[in-house]
Protein chains: 2
Amino acid sequence: MGTRERKQREVQAREELFLSTARRLIREEGLLTLQMARLARACDYATGTLYQHFASKEDLLVALATQRMREHAEQFCRAASWQAGTRDRMFALSVVDHAFNRQHPGFARLLQYVFTEVVWESASPDRRQALQVELEAPAAAVTGIVSQAIADGELVSGRLTPQELMLGPWGLSAGIQSMQQTRGMLAGLGIEDPTRLLHHHVQAVLNGLGWQPLFDLDDGTALDGLVARIEREVIHAES
Amino acid sequence: MGTRERKQREVQAREELFLSTARRLIREEGLLTLQMARLARACDYATGTLYQHFASKEDLLVALATQRMREHAEQFCRAASWQAGTRDRMFALSVVDHAFNRQHPGFARLLQYVFTEVVWESASPDRRQALQVELEAPAAAVTGIVSQAIADGELVSGRLTPQELMLGPWGLSAGIQSMQQTRGMLAGLGIEDPTRLLHHHVQAVLNGLGWQPLFDLDDGTALDGLVARIEREVIHAES
DNA sequence: GCACTTTTTTGAACCAGATTCAATATCCGA
DNA sequence: TCGGATATTGAATCTGGTTCAAAAAAGTGC
């Protein structure tokens with residue numbers, strides 16, 4: 001009679017409520033001050049009910065990260081299937097990634113925290129696994145672009161596999177963005193516009209890997225134009 | 001009468017004891033399980049005494065990171081003044097950085113944790129400042145190499161300042177190394193030898209930035225040879 | 001060496017906040 | 001409607017960081 005299913009849906013909805021409320025609390029008062037009892041109360045449930053969904057606070061955080069990661073993966077895959085050359089698509093991934101992080105300011109911070117030994121190791125294996133699963137689609141998307149570039153002769157793989165090749169642009173994006181997190185670090189070095197710089201350097205690695213057609217790094221206008229086009233065609237595209 | 005100074009030295013020594021014991025405890029039982037009371041007891045002092053040195057647990061962690069960072073900065077500066085061309089010296093920084101992290105396996109993890117909003121914001125301003133100070137020397141070293149490369153005509157700065165240029169290689173190193181931290185992440189992608197890959201990609205960015213003389217990325221032997229030479233002449237050099 | 005003040009050390013008490021679990025309420029099939 | 005299964009509750013428990021009044025040690029003037 002479907003009463004089981006309804007129950008399922010209710011539980012699902014409640015989990016959603018917990019997650020979105022947690023997100024709001026974090027936005028309003030910071031990751032630092034999130035408290036399980038307060039979260040439960042804010043949702044009009046008892047503490048114990050919250051623990052029926054999440055085995056621990058760390059679990060909740062991983063779940064939060066997983067949820068956002070899913071959205072992120074969607075955007076990412078959209079960028080990967082953009083109608084453009086492999087090189088531009090690869091670059092688009094970095095732009096989309098960065099735009100996503102700007103749109104969800106807490107996400108990068110949360111992810112940084114979640115991947116910390118202290119949090120990661122105290123989350124339940126299931127939740128960890130779920131987050132890792134969300135990483136697969138984006139990874140496959142990137143690898144696909146690299147493979148196609150090799151097949152099309154726009155990129156020479158040398159001794160490296162596609163996975164290994166993608167580590168360059170990916171690592172660079174991740175590295176610069178994580179520096180952007182640490183309050184005051186880049187400003188302290190006199191760096192003004194990290195976003196533009198990130199794009200510049202990603203183009204530099206792609207050039208360095210010999211990914212055709214090479215990009216003229218001195219042409220600031222072309223870079224801005226390309227970024228604008230990606231934002232228009234990929235990020236703000238209807239879907 | 002110098003009794004004040006002696007006292008100073010004793011306090012200094014005790015702080016050193018706390019730090020090195022903390023390091024041992026973390027090594028033996030993990031960051032996760034470090035407890036202030038246990039640490040104090042392990043040093044034969046009362047909890048309160050420990051708090052005379054460190055305002056909080058977070059403070060202690062930042063102090064720990066700062067101490068190691070100082071050693072790291074030394075190695076780093078040594079590499080920066082290596083007798084070699086600017087390009088090789090820049091590359092050497094990345095090699096030294098990575099070697100240091102391999103030699104002190106917990107350091108990267110600790111740093112990752114410390115730079116987390118949750119920890120960073122609950123450490124005292126003094127301790128934060130102290131860690132930031134330790135970043136200045138390395139930053140100056142890198143910037144110096146970049147500036148010299150520009151002066152020598154081995155690198156064309158375009159529209160970027162030396163600080164901005166160095167963000168490329170630096171961000172890449174940081175990004176790949178932090179991925180290496182997250183247990184199983186790289187292995188899950190089928191990546192075997194992240195160290196070699198890191199070196200490869202750093203050379204790729206340097207090539208991409210047009211840093212002369214360009215490095216032949218297909219020549220694996222040359223890469224290994226250069227790394228070996230750096231390890232010999234910079235890392236294991238007497239000082 | 002002694003009486004007194006100041007500084008340092010101590011560790012048990014305190015407190016915050018995550019987690020548990022016995023009691024209670026709700027649901028569901030018969 | 002009844003009886004057992006399941007879900008919810010929130011006060012009690014537990015862990016571990018932090019504090020602070022008391023005790024000890026060090027310093028000072030005589």
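All heavy atoms count here, side chains included; hydrogens, waters and symmetry mates do not. Convention: sequence-line order gives letters A, B, ...; per-chain numbering from 1.
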Using whole Å, what does the distance between atom [atom2] of nucleotide [N] and atom [atom1] of [X] come to?
X     : N      : atom1 : atom2 : result
A/H53 : D/dT9  : NE2   : P     : 10 Å
A/R41 : C/dG17 : CZ    : P     : 16 Å
B/L39 : D/dG17 : CG    : P     : 10 Å
B/L60 : D/dG16 : CG    : P     : 16 Å
A/Q35 : C/dA16 : CD    : C1'   : 8 Å
A/E10 : D/dA7  : CD    : P     : 12 Å
A/D44 : D/dG10 : CG    : P     : 10 Å
A/L50 : D/dT9  : CG    : P     : 11 Å

Looking at every heavy atom in both [X] and [Y], which two are closest together, and how far apart are they?
X      : Y      : value
B/A73  : B/E134 : CB-O, 4.1 Å
A/V62  : A/R127 : CG1-O, 3.4 Å
A/A63  : A/L19  : CB-CD2, 4.1 Å
A/Q163 : A/T143 : NE2-CG2, 3.7 Å

ask   = In residues 11-29 of chain B, which residues come under 4.0 Å of DNA chain D by heavy atom?
value = none
request  = Check each of A/N101, A/V95, A/L93 against A/D97 using the side chain to side chain contact (heavy atoms under 4.5 Å, CB included) test, and report the only one that passes.
outcome  =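 The option that passes is A/N101.
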Short side-chain to backbone donor-acceptor contact, A/T116 and A/V119, under 3.5 Å = no
ask   = Will you find, in the side chains of B/Q112 and A/E117, an N or O donor that is under 3.5 Å from an N or O acceptor?
value =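 The answer is no; no qualifying pair exists.
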query = Any chance the side chains of B/E16 and B/Q67 put a donor and an acceptor closer than 3.5 Å?
reply =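 Yes.
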Identify the pairs formed between an N or O of the protein and an N or O of nucleotides 19-26 of chain C at a distance under 3.5 Å, and give each distance.
{"from": "C/dT19", "atom 1": "OP2", "to": "A/Y51", "atom 2": "OH", "distance (Å)": "2.5"}
{"from": "C/dT19", "atom 1": "OP2", "to": "A/K57", "atom 2": "N", "distance (Å)": "3.0"}
{"from": "C/dT19", "atom 1": "O5'", "to": "A/Y51", "atom 2": "OH", "distance (Å)": "3.4"}

query = With a 4.0 Å cut-off on heavy atoms, is A/L34 in touch with a base, just the backbone sugar-phosphate, or nothing at all?
reply =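 Counting heavy atoms under 4.0 Å across all strands, the contact made by A/L34 is with sugar-phosphate only.
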request  = Establish, with yes or no, whether the OP1 or OP2 oxygen of C/dT9 is under 4.0 angstrom from a side-chain nitrogen or oxygen of B/T49.
outcome  =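 Indeed not, no polar side-chain atom of B/T49 lies that close.
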query = Checking ring pair (Phe, Tyr, Trp, His ring centres under 6.0 Å) for the pair B/F18/B/Y45: CA distance, chi angles, key distance, verdict?
reply = CA-CA 10 Å; B/F18 281 139; B/Y45 283 101; 5.7 Å; yes
